[in-house]
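The next block holds one structure in the form of structure tokens; read it before the comments.
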Amino acid sequence: MHQENLTRSNERILIVDDTPANIDVLGAILMEEYDISVAVNGPMAIEIAKSDTPPDLILLDIMMPEMDGYEVARELKSERQTRQIPIIFVTAKIEDRDEAFGFQVGAVDYIRKPVNPSITLARIKSQLELKRYKDHLTRLVEEKASEVTSSRRELKHEKERLSKISEDLVYKKAAAHKHEVYFRELFMNSPYGIVLVGRDNRIIRTNKSFSKLLGYSVSDILNKRFPGFPVEDLFRSNYEMLLKNAQNGETVSVEIRCLHKNGFEIPISALAYPVKVDNQVQGVFVFYENISQRKLFEEKLKHQAYHDSLTGIPNRLLFSERLDMALENRKNGTGFKFAVLLIDLDRFKSVNDSLGHQAGDELLQLVSAKIKECLRTKDTLARLGGDEFAILLPDIESREKISIIAARIAEAAESRFIVQNQEVSVSASIGIVIETESYENANHLLRDADLAMYHAKDSGKAQFKFFTPKMHETLMASITIENELKKAVEKEELILYFQPIFHLPGGEIEGFEALVRWMHPRRGLVSPDQFIPIAEENGLIFPMGEWIIEQACLTLATWKEWYAGRLSMSINISIRQFLQKGFVDRLTGILKRFSLAPKDIKLEFTESLLMEHSSRAVRALDTLKERGFILSIDDFGTGYSSLAYLQQFPIDQIKIDRSFIGSIEKKGDSFEIVKSILSLSKSLGLSTVAEGVETREQIRILNRLSCENAQGYYFSKPMPPDLASLFLKNKAYPRK
Ligand code: C2E
Ligand code: CA
Ligand code: CA
């Protein structure tokens with residue numbers, strides 16, 4: 001018990017009385033020793049008792065209006081907050097019954113009025129002392145109680161902890177058991193064949209799948225050294241590697257072939273991984289998986305990747321790989337030789353266009369099968385795409401042998417093929433590279449085979465050509481020319497030459513043929529044979545052709561200003577130029593500009609234009625004819641067309657090719673041909689021109705055969721405009 005708690009210090013006493021005089025009396029007695037507060041009615045007393053500074057003791061008058069002392073006491077005792085405050089009733093007269101009632105409602109004592117100061121003080125003192133003891137005891141009890149509660153709480157926690165630990169233990173035991181079951185399940189019923197190898201490299205455990213996979217029972221391999229069954233020598237090192245690496249803590253896998261107990265091979269993927277306990281490798285698990293399905297699938301994919309789906313033969317990818325391999329082989333210096341053929345079908349496109357893709361596909365299948373028949377098993381026939389095939393001929397020695405094979409292939413391609421109930425015929429243009437020693441790169445080799453193939457096509461298709469470095473040079477030259485030609489038109493490097501054409505019976509000038517020249521700054525005068533085909537190929541012929549027509553018309557118009565006789569201008573028109581949309585209108589437009597009539601102009605076409613035979617070409621020819629142009633067939637006799645064939649076209653004139661005229665004096669074929677051309681032309685009403693006349697004798701013969709016109713060096717070479725002008729003036733009819 002703490003002493004200071006028992007000493008009084010500023011104890012407060014609440015005096016409750018409705019009579020101020022009574023309050024004064026009591027106040028006077030107590031004032032010196034206590035703090036005094038005052039209430040003049042019951043509610044006020046209750047309010048003060050409940051305030052932040054409650055009294056330590058209440059002196060309560062019993063007889064008060066509204067709320068008497070009993071009621072106040074009852075109220076205060078009913079509240080936990082005010083219950084402990086001792087109440088002393090102060091009353092004038094007291095009876096035993098009242099006293100009993102007062103104690104009942106919670107009073108601790110009575111003081112009688114009129115109050116005796118010393119008795120009052122003594123009673124108050126003792127009550128306050130009592131309260132202090134009570135308070136002290138209460139605190140002590142409370143302290144003890146809270147100590148007990150907290151230790152009880154701790155005890156509870158401890159209990160809970162213990163029970164949790166024991167729960168954990170139970171759970172862990174169950175889990176461990178469960179894991180073991182899981183593991184056993186996994187091991188025994190895994191779809192993988194599993195073998196557990198101990199530290200001594202001996203097999204400790206195997207499962208059902210393993211037995212099923214390789215046919216060995218548990219007793220067959222238990223305690224045997226890994227792998228526990230016979231292996232092929234080829235794969236022995238794989239097993240050693242698996243085990244060694246896994247024992248070093250790594251997970252490794254290999255694909256190998258295993259022998260089933262019954263002797264057959266199975267493709268297997270084997271994976272080994274270490275079993276570690278406390279970071280120490282205690283053993284190795286080896287998983288065996290049958291991968292034959294996957295291998296089959298892979299094979300199929302590989303086949304698809306390397307073969308053409310339409311024909312089933314190797315594709316470009318496989319061909320390139322084999323070609324690379326062949327190049328490698330050759331480098332090894334074993335004397336290995338090989339050749340490469342590149343084949344492009346002629347007329348395939350027209351089959352495809354006229355009979356449809358289905359027919360085209362069928363044809364490719366038939367052709368590839370036919371070509372394959374010409375080859376040995378070690379040769380590779382591949383489809384590079386479209387109607388392009390390539391062949392790799394390994395171990396081939398001579399040019400002669402390759403020629404025989406190429407000829408056989410060309411013949412095979414020309415077989416009768418029936419697709420969609422139709423007989424179709426194609427042929428093959430073949431390019432061959434035989435000097436394969438000089439190549440490092442497969443692409444270069446294929447490029448040259450391609451170039452040779454183009455030469456085969458250019459030389460009339462259905463044949464084979466061996467690649468020569470000259471082809472390359474020609475190609476390079478034409479590329480250079482092409483680039484320079486693009487600028488030639490703008491730079492005004494082109495010029496027209498004019499060659500006169502004579503009327504044979506009279507010997508007078510009929511007209512001129514315009515022949516283009518290229519004044520190349522370095523090469524000098526370049527012949528049209530060298531650049532017209534290039535211009536046709538790259539489209540330059542359009543602007544160039546238009547320029548030629550304009551210049552030819554301009555020249556004719558200036559000559560006509562002073563020349564009185566009939567004079568025509570022959571202009572060469574290339575097929576592509578002729579087939580260009582709007583050609584006829586543009587031509588007519590130019591004529592108008594120079595006030596020339598269509599009959600002044602002779603348009604020279606080659607026979608190939610007529611072979612084209614497209615409805616558009618025929619219509620354009622008809623239009624030209626209707627407008628009054630004179631249509632002439634150039635180089636007649638060199639192509640395939642006969643005069644009978646020409647009849648269907650609105651032709652006015654034919655020019656007999658100079659190759660016939662050159663040999664006409666020899667009285668051989670040429671003479672006969674020229675003779676028949678001339679007589680047939682006459683009967684068809686066509687006029688004729690002999691080209692390339694160089695001798696007097698030729699003129700004599702042509703005259704005898706009544707050829708109408710002639711042109712050639714005998715009269716004059718083609719001349720630049722000013723010289724041609726002079727020539728015209730000298731031979732001219734008199735001025736107008
Ligand atoms: P082409 O139309 O048959 O022209 C006749 C060619 O024979 C000209 O060669 C001419 O110089 C040559 N020639 C003329 N007389 C004789 C002769 O007595 N003996 C020999 N050996 N040759 C003679 P050129 O000018 O080199 O023209 C070659 C070809 O180029 C022309 O053959 C023609 O197809 C084409 N060509 C020329 N100019 C043009 C043109 O402006 N436009 C088009 N599209 N092609 C043209
Ligand atoms: Ca011509
Ligand atoms: Ca000609």
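In each ligand, atom 1 is the first atom listed, and ligand 1 is the first ligand listed.
- For Glu513, the N, O or S atom with the smallest separation from the Ca ion (ligand 2) is OE2.
- The shell of residues lying under 4.0 angstrom from ligand 1, judged by heavy atoms, excludes Glu536.
- Ring pair Phe512/Trp559 is tilted by interplanar angle, where 30° to 60° counts as tilted.
- Close N/O approach between Val516 and ligand 1 is found [any backbone or side-chain N/O within under 3.5 Å].
- Here is the list of ligand 1 atoms found below 4.0 Å of a heavy atom in Val693: 18 (O).
- For Lys717, no heavy-atom contact with ligand 1 is shorter than 4.0 Å.
- Residue Glu604 counts as close to the Ca ion (ligand 2), with an N, O or S atom under 3.0 Å.
- Using a cut-off of 4.0 Å between Lys/Arg side-chain N and Asp/Glu carboxylate O, Glu550 and Arg593 are scored as salt-bridged.
- At a 4.0 Å heavy-atom cut-off, ligand 1 touches Asp635 through the side chain alone.
- Residues passing the side chain to side chain contact (heavy atoms under 4.5 Å, CB included) test with Asp458: none are found, sequence neighbours excluded.
- Short contacts between ligand 1 and Glu513, defined as distances under 4.0 Å to a heavy atom of the residue, involve ligand atoms 2 (O), 4 (O).
- Near Pro528, meaning under 4.0 Å from one of its heavy atoms, ligand 1 places the atoms 24 (P), 25 (O), 26 (O), 27 (O), 28 (C), 30 (O), 36 (N), 37 (C).
- Heavy-atom distances between Arg658 and ligand 1 reach below 4.0 Å in at least one pair.
- For the pair Arg399 and Phe466, the distance from NZ or CZ to the six-membered ring centre is under 6.0 Å and the angle to the ring normal is within 45 degrees.
- Not a single heavy atom of Lys655 sits closer than 4.0 Å to an atom of ligand 1.
- With atom 1 (P) of ligand 1 as the reference point, the heavy atom nearest to it among Ile548, Ile575, Asp634, Ile571 is part of Asp634.
- Under a 3.5 Å cut-off, the side chain of Gln648 and the backbone N or O of Tyr645 do form a donor-acceptor pair.
- For CZ of Arg704, the number of neighbouring non-hydrogen atoms (other residues, nucleotides, ligands) closer than 6.0 Å is greater than 12.
- Each of the following atoms of ligand 1 lies closer than 4.0 Å to a heavy atom of Asp529: 28 (C), 29 (C), 30 (O).
- With a 6.0 Å radius and a threshold of 12 heavy atoms from other residues, nucleotides or ligands, Tyr454 has its OH atom at or below the threshold.
- Atom NZ of Lys675 has 12 or fewer neighbouring heavy atoms from other residues, nucleotides or ligands inside a 6.0 Å radius.
- Applying the side chain to side chain contact (heavy atoms under 4.5 Å, CB included) rule to Lys470 yields the partners Thr468, Glu473, Thr474; only residues at least two apart in sequence or on another chain are considered.
- With the Ca ion (ligand 2) at the apex, Asn572 OD1 and Asp634 OD2 define an angle of roughly 80° (rounded to 10 degrees).
- Here Gln499 has side-chain heavy atoms under 4.0 Å from ligand 1, and that is the only part of it that gets that close.
- Side chain of Asn483 to main chain of Thr480: no donor-acceptor pair is present (N/O by atom type, distance under 3.5 Å, no hydrogens or angles).
- The shortest N or O to N or O distance between Asn572 and ligand 1 is under 3.5 Å.
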